[in-house]
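Proteins come first, then strands; the chains are lettered A, B, ... in the order of their sequence lines, and each starts at number 1. All values below were derived from every heavy atom in this structure, side-chain atoms included, with hydrogens, water molecules and symmetry-related copies excluded.
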Protein chains: 2
Amino acid sequence: MRPDQPARGPRPAFSRAQLTEAALRVADAEGLDAISMRRLATEIGSGTMSLYRYVTGKDEVIDLMVDAVAMDFLPPDVPSGDWRADLRALAVQSRRTMHRHPWMARVTATRQSAGPNGVRALDRSLAMVDGLGLSVDAMLAVVGSVIAYVNGYVAAELGEREARRRTGLDVQQWMARQAPYIETLVKTGEYPLFARVVTESGRELMDPDERFGYGLDRLLDGIAASLPVSR
Amino acid sequence: MRPDQPARGPRPAFSRAQLTEAALRVADAEGLDAISMRRLATEIGSGTMSLYRYVTGKDEVIDLMVDAVAMDFLPPDVPSGDWRADLRALAVQSRRTMHRHPWMARVTATRQSAGPNGVRALDRSLAMVDGLGLSVDAMLAVVGSVIAYVNGYVAAELGEREARRRTGLDVQQWMARQAPYIETLVKTGEYPLFARVVTESGRELMDPDERFGYGLDRLLDGIAASLPVSR
DNA sequence: GTACAACTGAGTACACCGTACTCGGTTCTC
DNA sequence: GAGAACCGAGTACGGTGTACTCAGTTGTAC
């Protein structure tokens with residue numbers, strides 16, 4: 001990493017913080033693909049190559065974005081004492097944050113956040129399950145499995161939304177476009193259960209929040225049952 | 001979709017199947033980013049734009065790839081009767097397949113596979129938990145949560161590997177490069193549990209397979225406990 | 001047997017992208 | 001005031017996806 005304030009020379013025209021702020025603004029509004037060095041430069045009012053004075057490349061921009069957002073779902077400093085409530089809140093909060101920053105899921109799925117905020121978040125997450133009689137390794141496995149579930153669930157959730165957003169169609173139009181294909185699939189008779197899902201989903205089943213909570217609670221149930229001393 | 005064999009005109013020089021085969025070969029060996037229309041064209045020995053006779057665009061190429069691989073982890077036609085063993089096998093098999101095709105996790109995380117093989121896989125997965133007294137909706141939630149966990153876990157797993165692969169360093173060099181940064185984090189004393197992870201991970205804790213199985217079993221435990229009639 | 005329509009592969013061109021390298025001008029330290 | 005250090009910007013290169021055009025080939029219908 002490069003120093004934030006230089007010793008000599010003219011004062012920088014902007015800061016890394018402003019750069020990340022601009023990047024977040026663009027990505028939140030138009031998706032991750034809208035981010036390019038040229039775009040960020042015009043957004044910030046500077047030359048394209050000037051950005052490379054502040055950042056080694058595009059990858060570092062994304063690292064900065066991730067770490068900035070990581071602050072948003074930083075768990076509280078000290079655990080409440082109820083590990084289950086804490087883990088659940090962590091999951092719900094993570095999902096909420098990823099919904100607010102839809103590009104996030106695509107990134108965190110592939111790249112672990114090793115920035116200061118990311119490490120702090122991990123540390124506090126581990127603290128939630130400390131003192132339950134688990135080894136450090138088991139603690140990692142517990143926290144990791146919850147995070148894996150959240151990331152996987154939200155990624156799938158946002159995948160569909162992203163696909164829709166890219167085509168520029170609204171929900172109605174998009175479903176209308178998919179309908180004939182789904183119809184042919186159902187008509188083949190080869191996918192009986194899929195067909196049941198399609199026909200019964202008319203009366204809107206579980207809403208997404210509920211479904212997310214369902215799997216999460218099953219996971220937490222299983223973790224609770226496996227603790228050395230049940231609490 | 002366009003017809004596979006045209007009525008009139010010269011016989012096509014290649015087929016969609018050959019195109020997907022080439023794409024899979026490239027992606028498996030060099031990663032998803034190595035795939036470009038120009039690259040695929042030279043790989044197949046044709047002009048770049050000729051590909052667009054077979055495929056609407058790059059997105060469809062990837063759809064075809066996903067559906068081709070989906071065949072690899074197609075669950076058996078008829079469930080064994082042991083839903084838990086079936087779901088577990090599905091998860092393990094999915095993970096194995098994604099390891100064989102490392103680009104897969106990045107794609108399935110974001111885009112659901114709606115091709116024929118993908119739908120068939122979903123259908124058979126649902127069949128595993130049919131007849132357990134669950135509503136179609138609950139069945140979707142159960143299967144979906146397992147898939148979410150697998151996708152999330154494997155994505156994280158492969159993210160690190162991908163990052164390493166892109167730098168071209170082997171495991172030793174890569175860890176050596178990260179070491180000083182981790183050291184400084186530990187030395188701050190602000191991340192006590194993270195520090196414990198680092199210091200205790202010297203004696204190689206759980207191996208990845210075990211850790212994957214740990215979270216998976218917790219999830220399945222929780223699902224089992226929530227079934228209307230325990231089996 | 002021939003005309004014609006359909007279809008083929010290939011080429012050209014455009015608007016993007018990330019970033020290596022270079023240069024003149026500004027500002028701080030000594 | 002002299003000089004080093006650092007700034008912003010510009011140019012250029014090799015890549016990307018794909019819209020559009022065009023000559024050539026092939027099957028079918030008469």
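- Of the residues in residues 43-51 of chain B, those placing a heavy atom less than 4.0 Å from an atom of DNA chain D are B:Thr48, B:Met49, in numerical order.
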Pair B:Arg120, B:Asp77 - check salt bridge (Lys or Arg N to Asp or Glu O under 4.0 Å), show working. CA-CA 9 Å; B:Arg120 170 164 283 122; B:Asp77 196 355; over 6 Å; no
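- Computed from coordinates, the A:Glu60 CD to C:dG18 C1' distance equals 15 Å when rounded to whole Å.
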Applying side chain to side chain contact (heavy atoms under 4.5 Å, CB included) to B:Thr42 and B:Arg38, what does each step give before you reach the verdict? CA-CA 6 Å; B:Thr42 62; B:Arg38 284 171 176 79; 5.6 Å; no
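- Considering OH of A:Tyr149 and CG of B:Leu216, their distance stands at 13.5 Å, rounded to 0.5 Å.
- With sequence neighbours excluded, the residues satisfying salt bridge (Lys or Arg N to Asp or Glu O under 4.0 Å) with A:Asp63 are A:Arg111.
- Between the CZ atom of A:Arg53 and the C1' atom of D:dG10 there is a distance of 12 Å, rounded to whole Å.
- Helix-axis bend for the helix from C:dG1-D:dC30 to C:dC30-D:dG1: the local axis fitted to the five terminal pairs at one end deviates from that at the other end by 0°, rounded to 10°.
- Under a cutoff of 6.0 Å and an axis angle of 45°, B:Arg95 and B:Phe212 form a cation-pi pair.
- A salt bridge is absent between B:Asp123 and A:Arg196: the closest approach of a Lys/Arg side-chain nitrogen to an acidic carboxylate oxygen does not fall below 4.0 angstrom.
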Using a cutoff of under 3.5 Å, can you pull out all pairs of nitrogen or oxygen atoms linking the protein to nucleotides 15-17 of chain C, with atom names and distances?
from, atom 1, to, atom 2, distance (Å)
C:dC17, OP1, A:Ser36, OG, 2.9

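- Separating the OH atom of B:Tyr52 from the C1' atom of C:dG11 is a distance of 14 Å, rounded to the nearest angstrom.
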Given salt bridge (Lys or Arg N to Asp or Glu O under 4.0 Å), test A:Arg25 with A:Glu21 step by step and report yes or no. CA-CA 6 Å; A:Arg25 189 157 25 86; A:Glu21 194 268 335; 3.5 Å; yes
Could you give me the CA-CA distance, side-chain angles and deciding distance for B:Lys187 and B:Glu183, then say whether side chain to side chain contact (heavy atoms under 4.5 Å, CB included) is met? CA-CA 6 Å; B:Lys187 283 231 176 89; B:Glu183 199 70 19; 4.0 Å; yes
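- Here A:Leu40 contributes atom CG and A:Thr20 contributes atom OG1; the two are 10.0 Å apart, rounded to the nearest 0.5 Å.
- The salt bridge (Lys or Arg N to Asp or Glu O under 4.0 Å) search around A:Asp72 returns none, not counting sequence neighbours.
- A straight line from CZ of B:Arg16 to P of C:dG9 spans 13 Å, rounded to a whole angstrom.
- Atom OH of B:Tyr54 and atom C1' of C:dG9 are 8 Å apart (whole Å).
- Evaluation of the salt bridge (Lys or Arg N to Asp or Glu O under 4.0 Å) rule for B:Arg39 yields B:Glu30, B:Glu43 as partners, not counting sequence neighbours.
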